[in-house]
Peer 1: 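Can you keep this structure in mind? I'll have questions shortly.
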Amino acid sequence: MTKKDSHPSFDFIRNIIAEDLSINKNEGRVVTRFPPEPNGYLHIGHAKSICLNFGIAEENNGVCHLRFDDTNPSKEDIEYIESIKADVKWLGFDWGKHLYYASDYFDQLYEYAVQLIKKGKAYVCSLSPEKIKEYRGTLTEPGKDSPYRSRPVEENLDLFERMRAGEFEDGSHILRAKIDMASPNLNMRDPAIYRIRRMSHHRTGDKWCVYPMYDFTHCLSDSIEGVTHSICTLEFQDHRPLYDWVLDQLNVKCHPQQIEFARLNLSYTLMSKRKLAKLVGSGAVLGWDDPRMPTICGLRRRGYTPNAIRDFCERIGVAKRDSTVDVALLEHCVRQDLNKHAPRIMGVLRPLRVVIENYPEDQVESLEAINNPEDPGMGSRKVPFSRVLYIEQEDFREDPPKKYFRLAPGREVRLRYAYYIKCVDMVKDEQTGEIIELRCTYDPETRGGGSPDKRKVKATLHWVSAAHSLRAEVRLYDHLFLKANPDELKNDDNFKANLNPNSLETLTSCRVEPSLANASPGSLYQFERQGYFCVDTQDSSDKLLVFNRTVTLRDTWAKIQKAMKNKPR
RNA sequence: UGGGGUGUCGUCAAGUGGCAAGACACGGGUUUUUGGAGCCCGCAUUCGGAGGUUCGAAUCCUCCCACCCCAGCCA
């Protein structure tokens, strides 16, 4: 395959669907669904599933439903429903009129359960939870039949009705499918399908005190909605026989096909809702939308774009093998998007004062700067230049190492869009010896950054005019964890030991060019030579601009330094 | 020592009996008023291992090994 005609090859799920279409299965319809439980925030792993399900529907003129799998009122909340809808929308997907809730099917589901009982395929079991567990057997030993397994149909019907009526305490009875207590697949050992939970539901209120279990609900919800391909993650493979069993017993007209794929893992972070909740709960991060979190809201606040995330989800592919994608790929995707779309500005993170000795005290020039060299259509802006400037501390070395191209005593560099300057002296703090100011001269002939004599300089620095610049706070983020696999030490809570203590660095005396005065929350910029930053949506205000660093620019100099460190000389 | 899955470059991932795509990462070069971006080049004689079938095997067969998931009245 040549580079030109290369295209992402179909994944195994798309292959299955293409095959189904070719034999006119489901009369050519493709209906998928994204079925979150509203018990937490969506993360990038969910984005993979969203892109897959909505993507497949789009590609095949089908539809993708958004269905909340809200069968467990003890864990769910309306708050999550709103955040999930917002995140799916933000990613750029549209479920149209296909917004559903499993709880809307509770009446039908109840009727289906009654049918199952009537067919002798379900029974009310009155064993205690402990006993049920004991009767289930183990991985290597078969289970034992519950003594209630042979309860007459009439009695089951009566009991189930009374469960529904609220006559029994939680846990005293349960409705079970009658399948096979000796099955090597534990899911088939008479799984629970309805439990008593005397608790009000965020959508159905107090109408019910029995709630259906996932295995019973999910397949029937898919069937009710006419889903053709029910795509889920690998851990449900063992549930597929049960998914099919329920639909077969009930003789439904629509029997969707369950297909499983591997969930996403990303290096240097975690994807488990439970563990993410612990990070939030323990204060390791500031919230679900902390820019270090792999949640959709965290990534959004960090400055990631829907395009970047969708591109990422396309590139990682879909397969059945457990894998961990390098977070560098995600970073690559956002850089690529932002390179094309983010306006450039100059901002100095760690200011070093520079006085241009031969520049007139009261003069201010307005210099033209290009907004995005990748896109001339984005135009240009004016940046003020004056006698006193700030440059980046990193951009000056009193004693420059080999391959260091930036400013040093006696050295000449270019100030972007401005002039060539040469360092003639430096001022040190008498106590600490720290360099607190540079004295430079400029060459008036080099206005705009080019010299008539074509002489070269090896570096171009970003800068701001001290008097005109705005103070800003900038938050620098790094990987949340030190280890590519934070779960390395399996013993559960120890993932916290791998937290990166420096995942957040807050800089409070940054200076940015005045054009940012009215930057709106959420807007994205490239700080030239630094990286991509976005105006924080929570903390930025008229009084103080606050920026989050989305991702750094690729940094060749950092690599050179690292290489020199690793093998000196 | 039950059942269900999976093993192709550092990381993802195509490949379905005809002689190992692509991406990220990495290394080098070119270009450059961002050490950015772009462009070019390099990067698996070999597909978990061992046998076998075949003119020919990552693809078929046999055995073995490793890893993941399952014993919630969670999803």
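Quick caveat, the model's predicted, so the values are computed rather than measured. Chain letters run A, B, ... following the sequence lines, proteins first and then strands; every chain starts at 1.
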Peer 1: In whole Å, measure the gap between the C1' atoms of B/G4 and B/G27 for me.
Peer 2: 43 Å
Peer 1: Looking at OH of A/Tyr404 and CD of A/Glu394, how far apart are the two atoms once the value is rounded to the nearest 0.5 Å?
Peer 2: 7.5 Å
Peer 1: With the threshold set at under 4.0 Å for non-hydrogen atoms, list the residues of residues 230-241 of chain A touching RNA chain B in residue-number order.
Peer 2: A/Glu235, A/Phe236, A/Gln237, A/Asp238, A/His239
Peer 1: Using a cut-off of 4.0 Å on non-hydrogen atoms, how would the nucleic acid contact of A/Arg197 be classed: base, sugar-phosphate, or nothing?
Peer 2: sugar-phosphate
Peer 1: Shorter than 3.5 Å, N or O on both sides, protein versus nucleotides 28-31 of chain B: list them out with atom names.
Peer 2:
none

Peer 1: Calculate, to the nearest 0.5 Å, the distance between atoms OH and CD1 belonging to A/Tyr304 and A/Ile44 respectively.
Peer 2: 8.0 Å
Peer 1: Which residue pairs pass the salt bridge (Lys or Arg N to Asp or Glu O under 4.0 Å) test with at least one member in residues 453-464 of chain A, sequence neighbours excluded?
Peer 2: A/Glu412-A/Arg455, A/Asp443-A/Arg455, A/Asp453-A/Arg455
Peer 1: Decide, applying a 5.5 Å centre-distance limit and a 30° plane-angle limit (both strict), whether A/Trp557 stacks on B/G35.
Peer 2: yes
Peer 1: Dump the intermediate steps for side-chain hydrogen bond (donor to acceptor under 3.5 Å, both in side chains) on A/Tyr123 and A/Asp190, then the final yes or no.
Peer 2: CA-CA 9 Å; A/Tyr123 63 98; A/Asp190 291 9; 2.6 Å; yes
Peer 1: From CZ of A/Arg416 over to P of B/G36, roughly how many Å is that when rounded to an integer?
Peer 2: 12 Å
Peer 1: Mind checking who B/A66 pairs with, Watson-Crick or G-U wobble, both distances under 3.5 Å?
Peer 2: B/U6
Peer 1: Write down the distance separating the C1' atoms in B/U59 and B/C69, rounded off to the nearest Å.
Peer 2: 26 Å
Peer 1: Sorted by first residue and then second, give each side-chain hydrogen bond (donor to acceptor under 3.5 Å, both in side chains) pair with at least one member in residues 260-269 of chain A; sequence neighbours left out.
Peer 2: A/Glu235-A/Arg263, A/Arg240-A/Glu260, A/Gln258-A/Glu260
Peer 1: Cation-pi between A/Arg203 and A/Tyr101: NZ/CZ under 6.0 Å from ring centre and within 45° of the ring axis?
Peer 2: yes
Peer 1: If only side-chain N and O atoms of A/Lys559 are considered, is one of them under 4.0 Å from the OP1 or OP2 phosphate oxygen of B/C26?
Peer 2: yes
Peer 1: When the C1' atoms of B/C47 and B/U16 are considered, how many whole Å apart are they?
Peer 2: 14 Å
Peer 1: Below the 4.0 Å mark, does B/G22 have OP1 or OP2 next to a side-chain nitrogen or oxygen of A/Arg315?
Peer 2: no
Peer 1: Whole Å only: how far is the CZ atom of A/Arg176 from the P atom of B/C73?
Peer 2: 8 Å
Peer 1: Looking only at the aromatic ring of each residue, does the gap between the centers of A/Tyr532 and A/Tyr525 stay below 6.0 angstrom?
Peer 2: no
Peer 1: Are A/Arg195 and B/C74 close enough that a side-chain N or O sits under 4.0 Å from OP1 or OP2?
Peer 2: yes
Peer 1: For the P atoms, the ones on B/C68 and on B/C73, what distance do you get once it is rounded to whole angstrom?
Peer 2: 24 Å
Peer 1: Check each residue of residues 36-49 of chain A for a non-hydrogen atom within less than 4.0 Å of any atom in RNA chain B, then write out the ones that pass by number, or none.
Peer 2: A/Glu37
Peer 1: Pick one for B/G15: is it syn, with its angle within 90° of 0, or anti?
Peer 2: anti
Peer 1: Sort out the partner of B/C12 for me: Watson-Crick or G-U wobble, both distances under 3.5 Å, none otherwise.
Peer 2: B/G22
Peer 1: Could you check whether the side chain of A/Arg335 and the base of B/G36 have a donor-acceptor pair of N or O atoms closer than 3.5 Å, going by distance alone?
Peer 2: no
Peer 1: Tell me the salt bridge (Lys or Arg N to Asp or Glu O under 4.0 Å) pairs involving residues 319-329 of chain A, sequence neighbours left out?
Peer 2: none
Peer 1: Using the C1' atom as the point on both nucleotides, what is the distance between B/U8 and B/A21, in whole Å?
Peer 2: 12 Å
Peer 1: Please figure out whether A/Ser323 or A/Tyr194 has its closest RNA chain B nucleotide nearer the 5' end.
Peer 2: A/Ser323
Peer 1: Has A/Thr556 got a side-chain N or O lying under 4.0 Å from the OP1 or OP2 atom of B/G36?
Peer 2: yes
